[in-house]
Amino acid sequence: MTTPALLPLSGRRLPPLNLGASAFPHHRATLRLSEKFILLLILSAFITLCFGAFFFLPDSSKHKRFDLGLEDVLIPHVDTSKGGKNLGGFLIHGQGHDEHRHREEEERLRNKIRADHEKALEEAKEKLKKSRDEIQAEIQTEKNKVVQELKKKDSKPLPPVPLPNLIGINSGEPADPDIQEKRNKVKEMMKHAWDNYRQYGWGHNELKPIARKGHSTNIFGNSQMGATIVDALDTLYIMGLHDEFREGQEWIDKNLDFSVNSEVSVFEVNIRFIGGLLAAYYLSGQEVFKIKAVQLAGKLLPAFNTPTGIPWAMVNLKSGVGRNWGWASAGSSILAEFGTLHMEFVHLSYLTGDPVYYNKVMHIRKLLQKMDRPNGLYPNYLNPRTGRWGQHHTSVGGLGDSFYEYLLKAWLMSDKMDTEARKMYDDAIEAIEKHLIRKSNGGLTFIGEWKNGHLERKMGHLTCFAGGMFALGADGSRDDKAGHYLQLGAEIAHTCHESYDRTTLKLGPEAFKFDGGVEAVAVRQNEKYYILRPEVIETYWYMWRFTHDPKYRQWGWEATQAIDKYCRVSGGFSGVKDVYSSSPTYDDVQQSFFLAETLKYLYLLFSNDDLLPLDNWVFNTEAHPLPVLHLANTTLSGNPAYR
Ligand code: DMJ
C-alpha cells in the first residue's frame with residue numbers, strides 16, 4: 001500500500017518524492033558546522049590578502065604618490081603654495097619638502113595595516129579558543145541582527161490604494177433552521193480541526209491528528225511556515241471565528257518569516273500563502289497580511305529568472321536559486337503550476353502599484369499564446385530553458401487543471417475586461433470537449449486524460465473541480481452556449497457524485513475509471529484513498545449557486561456526514577487510505593486545504609448567496625476569495641484590456 005509520504009500530497013500535480021530536508025535529518029546540523037569553517041576560511045583568506053597587499057606596497061622613494069589613488073583621498077589637503085596642484089579638492093603633490101611628509105604618511109599607513117592585521121589575528125585566535133556551541137551562538141546572533149535589519153526595511157508601509165468594493169463578508173445566515181443546523185455543524189468541524197492544530201501542530205505546516213504532532217511535506221520546504229494558519233484564516237473569518245482569526249494574525253505578525261534557507265514550491269506558496277494572505281487582508285483590512293504577502297512575493301520573483309521567463313517549480317527563499325521537479329518530463333515546468341499565478345500577481349501589482357508581478361504573468365501568457373498546440377490542447381509540460389513542450393500529455397486534473405481555471409478567473413476578476421484570457425479559455429475548453437470529454441456506456445460524462453494521441457478513460461478527483469468551472473464560465477461563453485456549459489457542469493457533478501456514492505464510505509477515490517465494464521470506480525489499490533480533498537464539494541457549491549437545485553445541498557450534506565463519520569478522530573481530521581473498505585485505515589494527515597477549501601465550500605453551500613457573492617468575488621484555486629478589480633482607471637502596462 002502507498003505510504004502517506006508518497007501519496008499525492010495536494011496541489012494538482014503528481015507527488016514529488018520526499019527529498020526535502022526532512023528526508024535528511026542531519027542536513028541542518030551539517031550546514032551549521034560548515035558555516036563555522038566557511039567563516040574561518042573567509043577570515044584567513046582576508047588576512048592572507050591583507051598581508052599580500054602589505055608586502056607588495058610600492059616603495060614610495062621610487063614612485064610618485066598618485067600611484068595609490070586611495071592615498072590622495074586620504075589626504076584631502078590643499079596646499080598649492082608648495083607647488084602641488086589642487087585637482088577637484090584633492091592634492092597631487094610635488095617633490096622636495098613634501099617627500100619627507102609622504103614617507104611619514106606611508107609609514108603611518110603601514111603601521112596601521114600591521115596593527116589591523118595583528119588585531120584580526122588575535123580575534124581569529126580567540127575564535128578558535130571558543131567552543132563549537134559558542135561559535136554557533138555568535139553566528140546565530142549575527143544572523144538574527146541581519147534578519148531584524150531586513151525586517152525593518154521590508155515592513156515599510158505600502159502606498160494606499162482604493163479598496164475594491166468588499167461586499168458580503170459578514171452575511172449568509174440562512175433562514176431555514178434545517179440549513180442553519182447543517183451550517184453550524186460545518187462550523188463545529190472547523191473548530192475541531194483548528195483547535196487540534198492549535199494544540200498539537202501550532203506553527204507547523206500541517207497536523208498529524210493521530211500522532212498529535214506537526215506535519216510537513218517538501219512543497220513547504222524545511223521550515224515551519226504555519227501553512228494551516230495562513231490557509232485557514234479567511235474560513236475562520238467568514239465563519240465568525242474571530243478569536244481564532246486573531247490568534248492566527250498574531251502568529252503571522254510575530255513568526256511568519258520568509259528569510260529562511262528553504263526550497264518551496266512556487267505554485268503551492270502562491271495559492272496557499274499569497275492567496276491566503278491577500279484574502280485575509282481584503283476581508284479584515286489588517287495591513288500585516290498585505291505586507292507579508294508582498295514580502296513573500298518578492299522571494300518568489302527569482303524563480304522567474306529562466307531563459308524563457310517560465311518560472312521554476314521550486315525556489316530557495318533565501319538564495320533565490322530555482323529548479324524543477326526531478327520527475328517532470330525533460331526538465332519541464334508544469335502547466336498547472338506556472339499557469340496558476342495570475343490572480344494573485346495581478347492583485348499584488350494592484351496593491352503595490354508595482355507592475356513587476358503583473359508583467360511576469362503576462363509574459364507567461366504571451367509566450368503560451370504564441371506556441372503551437374497539438375490538437376489545440378495545452379501539454380502539461382513546458383521546458384523553461386528551451387521554451388518547448390515536454391511530453392504531449394494533457395489533463396484537466398493533476399498537472400493541468402488550474403491553468404484553465406485561472407484563464408476564466410482572470411477574465412472574471414478583471415470585471416470581464418480581460419477578453420484575451422476569456423478567448424484563451426474558450427479555445428482551450430473547445431479542444432478539451434472535442435478530445436477529452438466522453439460519455440461512458442452507462443451514460444456518465446467524464447473527462448479523460450490525453451497521452452500522446454491516446455485517451456485514457458480515467459478521471460481524477462482533482463478533475464471534478466471542472467464541473468464548477470464550466471458552470472462559472474457558462475455566462476459569457478462563445479456563441480452563447482451558456483445552457484450547454486451549465487448542463488456540462490451538472491453532468492460532471494453527477495459523475496463525481498457517483499464516484500462517491502459507489503464506495504463503502506461514501507467518499508470519493510483519488511481516481512476512477514470508465515473501462516471494461518467499470519464505471520466511476522477506482523481499480524488500482526493506490527488510487528482508492530481520500531485525502532480530504534475539496535473538488536467535488538466545490539462543484540456542488542457552484543452548481544448550487546447557479547441552479548439552486550436542492551440535490552446539491554443534499555449531496556454536500558452526504559459528504560459532510562461521511563467526512564465526520566470516517567475522517568474525524570479525536571485529534572482532528574485525517575485522510576483515509578481505502579474508501580471501499582469498511583474498516584479504513586488513516587493516513588494521519590490533516591491537509592491545510594481541508595480548512596481552506598473543503599470546509600469553506602461546505603459552509604458556503606449552507607449559507608445564503610449574499611455571503612461572498614460571485615459578482616464581487618473570485619475564488620483562487622485554494623478557495624481564497626479575491627475581489628473583482630474594476631481596473632478601468634488603473635494603469636498597468638502590457639495588456640490593453642487593463643489600460
Ligand atoms: C488544493 O491545494 C488546490 O485546490 C489545488 O489547486 C489543487 N489541489 C488541492 C486540493 O486537492
Side-chain angles (χ1 to χ4, degrees), residues 4 7-16 193 205-206 215-220 225 227-228 230-235 264-276 279 313 334-344 380 395-410 459-469 472 496 499-500 507-511 527 529-542 559 563 567 573-576 579 587 589-602 604 618-626:
L7 292 175
L9 301 164
S10 65
R12 290 167 175 165
R13 54 179 182 72
L14 286 177
N205 289 316
E206 293 177 317
H215 171 261
S216 197
T217 70
N218 57 350
I219 58 173
F220 302 119
M225 305 223 309
T228 296
V230 183
D231 233 5
L233 280 173
D234 52 9
T235 309
V264 299
S265 155
V266 174
F267 159 77
E268 298 286 358
V269 163
N270 176 59
I271 65 168
R272 301 190 199 213
F273 284 81
I274 298 193
I334 306 296
L335 182 69
E337 298 198 330
F338 65 77
T340 309
L341 303 165
H342 192 98
M343 294 178 68
E344 297 79 3
N380 293 334
S395 169
V396 184
L399 309 182
D401 49 12
S402 40
F403 162 68
Y404 307 101
E405 177 185 352
Y406 270 36
L407 289 177
L408 174 65
K409 290 181 175 177
M459 185 164 170
H461 191 289
L462 291 165
T463 319
C464 286
F465 92 99
M469 179 178 74
L472 184 65
C496 293
S499 79
Y500 274 50
L507 291 169
E510 181 68 3
E527 293 174 343
Y529 59 87
Y530 173 67
I531 55 168
L532 304 169
R533 286 200 193 276
E535 292 76 17
V536 175
I537 292 165
E538 174 181 351
T539 278
Y540 294 164
W541 173 62
Y542 279 108
I563 292 171
C567 301
F573 287 89
S574 164
V576 288
V579 290
D587 68 5
V589 180
Q590 179 175 285
Q591 306 275 351
S592 79
F593 55 66
F594 179 63
L595 294 87
E597 298 190 75
T598 312
L599 292 174
K600 186 187 285 130
Y601 286 130
L602 282 173
L604 289 167
V618 186
F619 289 72
N620 89 338
T621 194
E622 187 79 359
H624 296 305
L626 299 174

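In listed order, ligands and their atoms are each counted from 1.
- Close contacts of ligand 1 with Glu597, meaning ligand atoms under 4.0 Å from a residue heavy atom, involve 1 (C), 2 (O), 3 (C), 4 (O), 9 (C), 10 (C).
- Considering Leu532, Val589, Thr235 as possible partners of Phe594, the one that fulfils the side chain to side chain contact (heavy atoms under 4.5 Å, CB included) test is Leu532.
- The side chain to side chain contact (heavy atoms under 4.5 Å, CB included) test with Leu595 is passed by exactly one of Glu206, Lys600, Gln590: Gln590.
- Polar contact check, Ser402 against ligand 1: no nitrogen or oxygen pair lies under 3.5 Å apart.
- Using modelled atom types, no side-chain atom of Asn620 and backbone atom of Leu626 make a donor-acceptor pair closer than 3.5 Å.
- Neither the backbone nor the side chain of Ala623 has any atom closer than 4.0 Å to an atom of ligand 1 (non-hydrogen atoms only).
- Contact annotation for Thr340 and ligand 1: no heavy atom of the residue comes within less than 4.0 Å of the ligand.
- Judged by distance alone, the side chains of Tyr500 and His461 do bring a donor and an acceptor atom under 3.5 Å apart.
- In the model, Glu344 has a side-chain atom that pairs as donor or acceptor with a side-chain atom of Tyr406 under 3.5 Å.
- Using a distance-only test at 3.5 Å, with no hydrogens or angles considered, a donor-acceptor pair links the side chain of Thr463 to the main chain of Gly460.
- Within the structure, the closest approach of Glu535 to ligand 1 falls below 4.0 Å when heavy atoms are considered.
- Close contacts between ligand 1 and Glu622 involve ligand atoms 1 (C), 2 (O), 3 (C) [criterion: under 4.0 Å to a heavy atom].
- Of the heavy atoms in His461, none comes closer than 4.0 Å to ligand 1.
- Of all the heavy atoms of Arg272, the ones lying under 4.0 Å from any atom of ligand 1 belong exclusively to the side chain.
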